[in-house]
Every structure is written in C-alpha cells, then in structure tokens.
There are 2 protein chains.
Amino acid sequence: MTAPDWQSLPDRLRARGLRWTPQRRVLVDVLSRTRGHVTGSQLLERCRAIEPATIPSTVYRTLDVLEELGMVRHGHAADGREEFHVLPEADHGHLHCGACGGSWDLSANEADGLVRSLRAGRGFVVDLSHVTIVGRCGACCGEPGTEGW
Amino acid sequence: MTAPDWQSLPDRLRARGLRWTPQRRVLVDVLSRTRGHVTGSQLLERCRAIEPATIPSTVYRTLDVLEELGMVRHGHAADGREEFHVLPEADHGHLHCGACGGSWDLSANEADGLVRSLRAGRGFVVDLSHVTIVGRCGACCGEPGTEGW
DNA sequence: CCCACTGTTGCAACTGGTTGCAACAGGATG
DNA sequence: CATCCTGTTGCAACCAGTTGCAACAGTGGG
Ligand SMILES: [Mn+2]
Ligand SMILES: [Mn+2]
Ligand SMILES: [Zn+2]
Ligand SMILES: [Zn+2]
C-alpha cells in the first residue's frame, strides 16, 4: 500500500519482460492525474481526450496489468461495475446508499469487527478494497425511497 | 421474508393493475423450481428450454417486477454480476473466495457486528442480501493463489 | 361478449466490457 | 545497427444486459 511510483514503472515492466508502449504511456498519464474512484469507461474517455485512437480492449487489458503491479486496485460499485482506485489511498471499502445514490468510504477501522470475526470464525481473509456495503444512509432512512438496491 | 406464494401471484399482480402473461408464467415456472442463486442469463436459458422464443428483455423486466413484489431478491456475485435468490431463504449475505472460487452464505448473525456498528455510528441500514465479501478462504489462505479478486 | 385502457412484449439499437487472432513493435542481444 | 523473440495492439465478433418505441394483448367495465 505504498505510494505509486509512476516514474519507475517503465523499468518495473521491463524487469518482468513486459513493455512500455505509447498506449500505456497515455493511460498512465491519465491515472497519474487521477484521485479517488474511476470506472474503466471514464478512463477510456480520458485517454481518448489525449489520443482519440485509443482502443477499449487495450485500456482494459492495461488496467489488468497495472493491477497486477499494484498501481491500481479495483472494487465494485453498488451496481456491480468495476471501479478503480488509484493508489496511494489507504485500503478501504465503500458504503453506498441505494436511495440517494450517496457513497462513503468505509475505513479499515470500521470494518475491523467483521474482518476479525471472519478471520477468527472461518479463517477467511477479507479483501477490504472489494467490500461495498449497500443499504440506506441515515438521511434517507425514514423517507419513502427508491428501491434501487 | 415469508415463503413465496406462487399460487397467489397472478392475483397479486392483478391487484396492482399488473398482468399475468404467458411469458411471466414461464419464468415463474422456472423460478418455482429453483433453489439458491441464479444469474439472469441462467434463468433466460431455462426459460428457453421451455419456450425457445423467450426474449431477454422480457425476462429481465419480469425479474424487476418480481423483485418489487418480493418474490426474488438480487445480490451481486464477486464479479459484480447480478445473482437472484429465490425466497424463502433467510436474509443473508455472501462470502466469496477469489482464489478457489468458493462461495458461502453469510448469516445475519455473523454480519451482526458490522450491521450494528454502521447503524449506531452512521445511521446506515445495511441491505444484507446485497453484501458480498470477497477475500480468501481458510483453505486458500496460505497457498499461492490466483489474484482474481 | 365486446371495448377501451394501459401494461407488456418484441425488436432493434446500444452500452460496457471481453476474447481470439493475425499483424505489429518493444527491446535485448550480438 | 540489424535480428529475433515474444508481448502488445487493433480489430471484429461476441456477451450480458438495458432502453425506446410501436404493436399487441390482459383485464375490468359496460
Ligand atoms: Mn444491485
Ligand atoms: Mn472484482
Ligand atoms: Zn441516502
Ligand atoms: Zn478458497
């Protein structure tokens, strides 16, 4: 969970027998200026702003590579679509309100109870960055709401 | 969370101004013989086994209607795809091992700590049927594994 | 039994994303 | 600088699922 080192990325790719290509340069450029959550299609869009010839499959395949290298991490939004986190955020999960669409981070601290009890009771190790809890936020709780869960 | 009453479904639809159609009959027939989790495309497949002319959008739209009536409930598998639960199972979440692909139910009991603390700390009410915790199961935990999270 | 109202269907276009494959191009080597 | 190896790209087909819309068909009322 250390800060992403974009400068050394080309060398780390080559060290693994992988390559530093113009297409990867564009995506890394976009990512290095991105904070928080982004979907694949948003990243594609931003790459196309720089290089209109960008191909979807290339972007998605490169994201896979970058995830293996630990440069990004994906989770799933409430609708199940992949959402990428650019490091170096602390590992965290998400809360999502199905009524108002709001989204909040779930700190390792808050998830600690669950994480501990699953580890103790089952030996199951939780991937916190993949945890998305859907429900209804405090503000929406009393109100008649969209059943978009 | 009571047992699904497929017999009275036609009347309950009509009572809401909705209709009991041949297409819905096929899907309900399939659902009434289904236990556990199913994806939409699996249901489509099974409907087509009975009525080959079955149209995808009709199935998915009908599932939405049935979910509003409480006959099914959807969650999201580890890859984010929708997965339907046919009642009358107790409300529960899921654990999914990213290494071996295994899947286990997460009882309300086990999730209680998290549910309570989110309610207390934030007023957030968790939709347990939508909770899918991804990670690594006890068996896979030591072993070198697929990073399919 | 027929009518009219309106919910539902079929269809076609579209979205986001994935896959197999042949052509291409990093980059290590000499 | 030329060569070769193999990772990567572009493309086209495909997959699961969604949407807008015109035609269709349950259903309750007369
Ligand atoms: Mn959902
Ligand atoms: Mn995932
Ligand atoms: Zn809310
Ligand atoms: Zn496992």
Side-chain angles (χ1 to χ4, degrees), chain A residues 8-28 37-48 50-69 71-72 74-84 146-149, chain B residues 8-28 30 37-48 50-69 71-72 74-84 146 148-149:
Chain A
S8 72
L9 180 59
D11 286 335
R12 279 182 294 137
L13 283 167
R14 287 187 275 254
R16 292 193 173 207
L18 306 178
R19 295 177 192 166
W20 182 234
T21 67
Q23 295 85 345
R24 292 183 175 176
R25 225 163 281 161
V26 173
L27 178 56
V28 165
H37 317 127
V38 237
T39 63
S41 69
Q42 288 174 327
L43 290 169
L44 172 58
E45 213 174 290
R46 296 181 197 180
C47 285
R48 283 186 159 155
I50 297 174
E51 172 51 69
T54 305
I55 299 299
S57 53
T58 299
V59 170
Y60 291 109
R61 287 189 279 220
T62 300
L63 285 167
D64 290 345
V65 172
L66 295 178
E67 185 152 20
E68 260 159 59
L69 294 190
M71 306 304 288
V72 299
H74 84 265
H76 295 264
D79 61 359
R81 290 175 54 185
E82 281 189 347
E83 216 174 42
F84 292 88
T146 316
E147 288 298 327
W149 293 7
Chain B
S8 72
L9 180 59
D11 286 335
R12 280 182 293 137
L13 284 167
R14 287 188 275 254
R16 293 193 173 207
L18 306 177
R19 294 174 193 170
W20 182 234
T21 67
Q23 294 85 345
R24 292 183 176 176
R25 225 162 281 163
V26 173
L27 178 55
V28 165
V30 167
H37 317 128
V38 236
T39 64
S41 68
Q42 288 172 327
L43 290 169
L44 172 59
E45 213 174 290
R46 296 181 196 179
C47 284
R48 282 186 158 155
I50 298 174
E51 172 52 69
T54 304
I55 299 299
S57 53
T58 299
V59 170
Y60 290 110
R61 286 189 280 220
T62 301
L63 285 167
D64 290 344
V65 171
L66 294 178
E67 185 151 19
E68 260 159 59
L69 294 191
M71 306 304 289
V72 300
H74 83 265
H76 296 264
D79 62 359
R81 289 175 55 186
E82 281 188 347
E83 216 174 41
F84 292 88
T146 316
W149 294 5

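Chain A is the first sequence line, chain B the second, and so forth, proteins listed ahead of strands; every chain is numbered from 1.
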Atom [atom1] of [X] to atom [atom2] of [N]: distance rounded to whole Å?
X: L13(B); N: dG7(C); atom1: CG; atom2: C1'; result: 11 Å
X: R24(A); N: dG7(D); atom1: CZ; atom2: P; result: 11 Å
X: E51(B); N: dT9(C); atom1: CD; atom2: C1'; result: 13 Å
X: L63(A); N: dT8(D); atom1: CG; atom2: C1'; result: 15 Å
X: D79(A); N: dG17(D); atom1: CG; atom2: P; result: 13 Å
X: L66(A); N: dT8(D); atom1: CG; atom2: P; result: 11 Å
X: D11(B); N: dG26(D); atom1: CG; atom2: P; result: 16 Å
X: D64(B); N: dG7(C); atom1: CG; atom2: P; result: 16 Å

(request) List for me each residue that meets salt bridge (charged side-chain N to carboxylate O under 4.0 Å, His left out) alongside D64(B), sequence neighbours excluded, and say none if there are none. (result) none

(request) With sequence neighbours excluded, tell me which residues meet salt bridge (charged side-chain N to carboxylate O under 4.0 Å, His left out) with R14(B). (result) D11(B)

Residues 51-58 of chain A, side-chain donor-acceptor partners within the protein, below 3.5 Å, at least two apart:
residue, atom, partner, partner atom, Å
E51(A), OE2, A53(A), N, 3.0
T54(A), OG1, E51(A), O, 2.5
S57(A), OG, R61(A), NH2, 3.2

(request) Enter the distance from L44(B):CG to R46(B):CZ here, rounded to the nearest 0.5 Å. (result)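 That separation rounds to 11.5 Å.
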
(request) Could you check if a side-chain atom of V65(A) sits within less than 4.5 angstrom of a side-chain atom of L13(A), using non-hydrogen atoms only? (result) yes

(request) Taking side-chain contact (heavy atoms from CB on, under 4.5 Å) as the test, write out the residues that go with R19(B), two or more places apart. (result)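 R19(B) satisfies side-chain contact (heavy atoms from CB on, under 4.5 Å) with T21(B) once adjacent residues are dropped.
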
(message) For R16(A), give me all partners under side-chain contact (heavy atoms from CB on, under 4.5 Å), at least two apart in sequence or on another chain.
(response)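 Per chain and number, R16(A) pairs via side-chain contact (heavy atoms from CB on, under 4.5 Å) with L18(A), L69(A).
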
(request) Please list residues of residues 40-47 of chain A whose heavy atoms come under 4.0 Å from any atom in DNA chain D, ordered by number; otherwise none. (result)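 Contacting residues: none.
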
(request) Please state whether the phosphate of dT18(C), meaning OP1 or OP2, lies under 4.0 angstrom from any side-chain nitrogen or oxygen of Y60(A). (result)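 Y60(A) to dT18(C) OP1/OP2: no side-chain N or O under 4.0 Å.
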
(request) Take nucleotides 20-29 of chain C nucleotide by nucleotide from the 5' end and write B, S or -, depending on whether a protein heavy atom sits under 4.0 Å from the base, only from the sugar-phosphate, or from neither. (result) BB---BBSS-

(request) List the steps, then state whether side-chain contact (heavy atoms from CB on, under 4.5 Å) holds for L9(A) with R12(A). (result) CA-CA 5 Å; L9(A) 180 59; R12(A) 279 182 294 137; 4.0 Å; yes

(message) Strictly distance-based, threshold 3.5 Å: is any side-chain N or O of E82(A) a donor or acceptor partner for the main-chain N or O of G40(A)?
(response)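 No, because the side chain of E82(A) does not come within donor-acceptor range (under 3.5 Å) of the backbone of G40(A).
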
